[in-house]
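Data first, discussion second: the structure below is written as structure tokens.
Quick note: residue numbers are just sequence positions, from 1. Values reported hereafter were calculated over all heavy atoms of this structure, with side chains retained and with hydrogens, waters and symmetry mates removed.
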Amino acid sequence: MKKKYFFLGMLILGFLFSCESTKKTASSSNMKYDIERIEYFTSVCFGTCPQFKIEMDKNRSAVYEAIRFNFSKEFGSPSPEGTFTGKINENDFDLILKKLNEMDFPALQDNYRVKYTDVQTANLKIIYDGGKEKTITDYGMMGTPELEELYQLFLALRENQNWEKVK
């Protein structure tokens, strides 16, 4: 009788673990592109727009370079403000990958531009699928609604990650 319950327990555990691995495979198979590296850089504007650069690899390792107006909005504040390293939170990283895949980023234009001046520029470089590159330069940071959402995620990463100052 004990063997029967042991066998039944093992069968149930095996089923549960196989369902879990199926879920993980299914979610990763929803991604059209294998994103290997992301680089995001913002320029200055005619004001106190935060200028920064974030680079991240597919293993979520990241470098955040706070250049200007990230911690202080004072014009006389020191620049650069610091370089930080960390590992992007898995949920935030997955959301960025999901947004990029949903917007079909290789099909986007290389350049976007608003019709007025003195605004910030976003530069986004994505390395994917074995070394292919897509670079988007967006003067005004309003290229598409999906890009605008992505830019907000990068802006939030400056404050919602566990960054360690290295320089």
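Applying the salt bridge (charged side-chain N to carboxylate O under 4.0 Å, His left out) test to Asp118 and every residue at least two apart in sequence or in another chain returns nothing. Applying the salt bridge (charged side-chain N to carboxylate O under 4.0 Å, His left out) rule to Lys73 yields no partners; only residues at least two apart in sequence or on another chain are considered. Applying the ring pair (Phe, Tyr, Trp, His ring centres under 6.0 Å) criterion to Tyr116, with sequence neighbours excluded, gives no partner residue. Among residues two or more places apart in sequence or in another chain, the ring pair (Phe, Tyr, Trp, His ring centres under 6.0 Å) test is passed with Tyr151 by Tyr40. With sequence neighbours excluded, the residues satisfying ring pair (Phe, Tyr, Trp, His ring centres under 6.0 Å) with Phe105 are Tyr33, Tyr128.
Within 6.0 Å of atom CE in Met142, 12 or fewer heavy atoms from other residues, nucleotides or ligands are found, so the atom counts as exposed in its surroundings. No more than 12 heavy-atom neighbours from other residues, nucleotides or ligands sit within 6.0 angstrom of NZ on Lys98. No more than 12 heavy atoms of other residues, nucleotides or ligands sit less than 6.0 Å from atom CG of Asn162.
Hydrophobic clustering (side-chain heavy atoms under 4.5 Å, transitive across Ile, Leu, Val, Met, Phe, Trp, Tyr) groups Met103 together with Leu95. Hydrophobic clustering, with ILVMFWY side chains joined whenever heavy atoms are under 4.5 angstrom apart, groups Leu155 together with Leu147. Using a 4.5 Å cut-off between side-chain heavy atoms of Ile, Leu, Val, Met, Phe, Trp and Tyr, with links allowed through other members, Phe69 and Tyr64 fall into different hydrophobic clusters. A continuous path of hydrophobic side-chain contacts links Leu100 to Leu153 [ILVMFWY only; heavy atoms under 4.5 Å].
The closest donor-acceptor contact from the side chain of Asn89 to the backbone of Asp92 lies under 3.5 Å. Checking side-chain atoms of Asp129 against main-chain N and O of Asp34 turns up a donor-acceptor pair under 3.5 Å. Between the side chain of Trp163 and the backbone N or O of Leu157 there is at least one donor-acceptor pair closer than 3.5 Å. Formation of a donor-acceptor pair under 3.5 Å by the Arg60 side chain with backbone atoms of Ile88 is found in this model. At least one donor-acceptor pair closer than 3.5 Å links the side chain of Asn59 to the backbone N or O of Ser61.
Thr85 OG1 to Glu55 CD: the interatomic distance, rounded to the nearest 0.5 Å, is 12.5 Å. In this structure, the separation between CG on Asn70 and CZ on Arg158 is 5.0 Å, given to the nearest 0.5 Å. Glu133 contributes atom CD, which lies 10.5 Å from atom CZ of Arg37 (distance to the nearest 0.5 angstrom). The structure places CG of Asp57 at 9.5 Å from CD1 of Ile38, a figure rounded to the nearest 0.5 Å. Rounded to the nearest 0.5 angstrom, Lys58 NZ and Glu36 CD are separated by 5.5 Å. Distance check: Gln51 CD to Phe41 CZ gives 4.5 Å after rounding to the nearest 0.5 Å.
Within the 4.5 Å cutoff, no side-chain heavy atoms of Glu65 are placed close to those of Phe52. Contact annotation: the side chain of Ile35 never approaches that of Ile96 to less than 4.5 Å [non-hydrogen atoms, C-beta and beyond]. With a 4.5 Å cut-off on side-chain heavy atoms, Thr135 and Asp110 do not count as touching. With contacts defined as side-chain heavy-atom distances shorter than 4.5 Å, the pair Val114/Tyr139 qualifies. Under the 4.5 Å side-chain criterion, counting only non-hydrogen atoms from C-beta, Val44 is not in contact with Cys49.
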Tell me which donor-acceptor pairs under 3.5 Å the side chains of residues 119-126 have, and how far apart each pair is, sequence neighbours excluded?
{"unit_1": "Gln120", "atom_1": "NE2", "unit_2": "Thr42", "atom_2": "OG1", "d": "3.4"}
{"unit_1": "Gln120", "atom_1": "NE2", "unit_2": "Ser43", "atom_2": "O", "d": "3.1"}
{"unit_1": "Gln120", "atom_1": "NE2", "unit_2": "Pro50", "atom_2": "O", "d": "2.7"}
{"unit_1": "Asn123", "atom_1": "OD1", "unit_2": "Thr137", "atom_2": "OG1", "d": "3.4"}

### Task
Check step by step if salt bridge (Lys or Arg N to Asp or Glu O under 4.0 Å) holds for Glu146 and Lys99.
CA-CA 7 Å; Glu146 295 81 9; Lys99 295 262 183 213; over 6 Å; no
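Heavy atoms only, all atoms of each residue included: Ala66 and Phe71 are closest at CB-CE1, 3.7 Å. Phe154 approaches Ile54 most closely through the heavy-atom pair O-CD1, 3.7 Å. When all heavy atoms are compared, the tightest approach of Phe75 to Thr48 is CZ-CG2, 3.9 Å. Closest heavy-atom contact between Lys134 and Pro106: NZ-O, 3.6 Å. Scanning all heavy atoms of the two residues, the minimum distance from Lys165 to Glu81 falls at NZ-O, 3.4 Å.
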